[in-house]
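A short worksheet on the structure shown next.
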Amino acid sequence: MRQTIEVLPMGPRQYAATVGEGQEVTHHRITVSEQVLADLQLPDVDERHLVEETIGYLLEREPGTSLPHDIDTDQIYRDDDQYLTELRDRLLGRT
C-alpha cells in the first residue's frame with residue numbers, strides 16, 4: 001500500500017507529520033534530538049528530510065496507526081540499535 005508523509009515545521013527541532021496509508025490518516029509530533037543530529041555527523045542535514053526518513057523507517061516496522069502521536073528521535077535512538085546507521089544511509093541516499 002502506498003504511504004504518504006507530509007512534514008511541516010512547528011518550531012526549533014519540532015515537526016508535525018501527517019501519514020496517509022490508504023484511507024487511514026494519522027498525525028504525529030516529532031522532536032529531533034540534538035544528540036541524534038550530533039551523532040549522525042552530517043553537518044548540513046535537512047531536519048525535515050530527517051523527519052521524513054525517520055517516519056519511513058518506523059513505517060517499515062509498523063503501520064502508521066500504531067505509531068505514537070509524540071515521537072522523539074532520541075527515544076528511537078536509545079531503543080533501536082539500527083536506527084542511526086540506517087537513518088544516515090537513508091539521508092545519504094544509500095538505501
Side-chain angles (χ1 to χ4, degrees):
M1 179 181 311
R2 174 124 169 86
Q3 300 165 332
T4 60
I5 302 169
E6 278 187 56
V7 176
L8 298 172
M10 293 175 47
R13 291 186 307 284
Q14 295 283 320
Y15 295 84
T18 302
V19 178
E21 293 180 285
Q23 299 297 323
E24 298 287 333
V25 176
T26 58
H27 303 277
H28 311 275
R29 180 176 40 209
I30 296 88
T31 302
V32 176
S33 147
E34 285 188 44
Q35 187 66 50
V36 168
L37 289 172
D39 289 354
L40 273 172
Q41 298 178 346
L42 299 173
D44 296 327
V45 68
D46 177 352
E47 285 185 25
R48 192 171 177 172
H49 188 208
L50 183 152
V51 169
E52 290 170 352
E53 293 300 340
T54 294
I55 295 290
Y57 176 83
L58 294 172
L59 289 172
E60 288 177 0
R61 286 147 182 81
E62 58 188 304
T65 54
S66 295
L67 297 179
H69 177 267
D70 293 317
I71 299 170
D72 185 338
T73 59
D74 192 51
Q75 186 68 47
I76 301 167
Y77 183 28
R78 286 193 308 263
D79 293 345
D80 186 337
D81 293 342
Q82 298 175 351
Y83 171 66
L84 194 67
T85 300
E86 187 161 332
L87 182 60
R88 184 180 297 112
D89 287 347
R90 287 168 173 261
L91 292 169
L92 292 172
R94 295 183 191 159
T95 60

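Note that the structure is predicted; figures quoted are calculated from it, not measured. All values below come from the heavy atoms of this structure, side chains included, with hydrogens, waters and symmetry mates left out.
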Rounded to the nearest 0.5 Å, what's the gap from [atom1] on [X] to [atom2] on [Y]? Could you check?
| X | Y | atom1 | atom2 | result |
| --- | --- | --- | --- | --- |
| Leu40 | Gln35 | CG | CD | 10.0 Å |
| Ile71 | Ile30 | CD1 | CD1 | 5.0 Å |
| Asp72 | Arg13 | CG | CZ | 10.5 Å |
| His49 | Leu87 | NE2 | CG | 9.0 Å |
| Asp80 | Tyr57 | CG | OH | 3.0 Å |
| Thr73 | Arg78 | OG1 | CZ | 9.5 Å |

For [X], is the [atom1] atom crowded, meaning more than 12 foreign heavy atoms sit under 6.0 Å from it?
| X | atom1 | answer |
| --- | --- | --- |
| Glu34 | CD | no |
| Gln75 | CD | yes |
| Asp81 | CG | no |

For residues Leu91 and Asp46, determine if any side-chain heavy atom of one lies less than 4.5 Å from a side-chain heavy atom of the other. no
In one Ile/Leu/Val/Met/Phe/Trp/Tyr side-chain cluster, 4.5 Å: [X], [Y]:
| X | Y | value |
| --- | --- | --- |
| Leu92 | Ile55 | yes |
| Leu58 | Val25 | no |
| Ile76 | Leu42 | yes |

Set out, in order, the CA-CA distance, both residues' side-chain angles and the distance that settles side-chain contact (heavy atoms from CB on, under 4.5 Å) for Val36 and Thr54, then state yes or no. CA-CA 11 Å; Val36 168; Thr54 294; over 6 Å; no
Side chain of Glu53, backbone of Arg90: donor and acceptor closer than 3.5 Å? no
Trace of the side-chain contact (heavy atoms from CB on, under 4.5 Å) decision for Thr26 with Leu67: CA-CA 8 Å; Thr26 58; Leu67 297 179; 5.6 Å; no
Identify the residue among Arg48, Glu47, Arg29, His28 that makes a side-chain hydrogen bond (donor to acceptor under 3.5 Å, both in side chains) with Tyr15. Glu47
